[in-house]
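What follows is a single structure, written as structure tokens, with notes after it.
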Amino acid sequence: MHMRRFIQLVERDGTELLDTKRKSLFYIVAGNDDLFNKLYQIYDFDKRVMRKECVNNNQLYDETSIKLLKLVYVLIKEDDDSLINPLINPLFNLFHGLDDFNFELALSDIKIRYMGKFE
């Protein structure tokens, strides 16, 4: 169901093949029922932008959804940190430019640290 929703959103938006920012947003939204059900509060298909107000509107989303929205906002808006804590941007900078092996290594390390999962 996740991939079906993802493809539906990409097609609805007309997302270009190399547009990884929108794909990142749609991937998170498609994979979370709360976010998918509130899609039109999160994304404006006419203007093709994420609605900034959704990032700070904690009343509409559960705690998990809020965290996912903030993550995706950091990933797609790294050049506009006016709505996020400036300390988050270094996280983006840590991942940007890593080769595939080291990127996967870093992701695995996060899984170990926060989920206790070894792969």
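Heads up: numbering here begins at 1 and tracks the sequence. These numbers come from a predicted model, not from an experiment.
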- prompt: Does the side chain of L69 reach to within under 4.5 Å of the side chain of M50, using non-hydrogen atoms?
  reply: yes
* Asked: Are the side chains of K67 and L71 in touch, meaning some heavy atoms are under 4.5 Å apart?
  -> no
Query raised in the report: Does a side-chain N-to-carboxylate-O contact under 4.0 Å join R48 and E16?
Result: yes
Measuring from atom [atom1] of [X] to atom [atom2] of [Y], what distance do you get when rounded to the nearest 0.5 angstrom?
X	Y	atom1	atom2	value
T64	D33	OG1	CG	12.0 Å
F26	F36	CZ	CZ	11.0 Å
N37	S65	CG	OG	9.5 Å
D34	L39	CG	CG	12.0 Å
D44	C54	CG	SG	11.5 Å

**Item:** Whether over 12 other heavy atoms sit under 6.0 Å from E63 CD
**Value:** no
If we check side chain to side chain contact (heavy atoms under 4.5 Å, CB included) with [X], which of these qualifies: [options]?
X	options	value
K23	D13, L17, L9	L17
F103	D100, D99, L107	L107
L35	L25, V72, I28	I28

Classify the angle between the aromatic ring planes of H2 and Y27 as parallel (below 30°), tilted (30 to 60°) or perpendicular (above 60°).
tilted
| field | N/O donor-acceptor pair under 3.5 Å between S24 side chain and T20 backbone | value | no
| task | State plainly whether one hydrophobic cluster holds both V49 and Y73, where clusters connect Ile, Leu, Val, Met, Phe, Trp and Tyr through side-chain heavy atoms under 4.5 angstrom apart. | result | no
Could you see if I7 belongs to whatever hydrophobic cluster contains L18? Use Ile, Leu, Val, Met, Phe, Trp, Tyr and a side-chain cutoff under 4.5 Å.
no
side-chain hydrogen bond (donor to acceptor under 3.5 Å, both in side chains) with Y43: of R22, R12, R51, only one passes, and it is R22
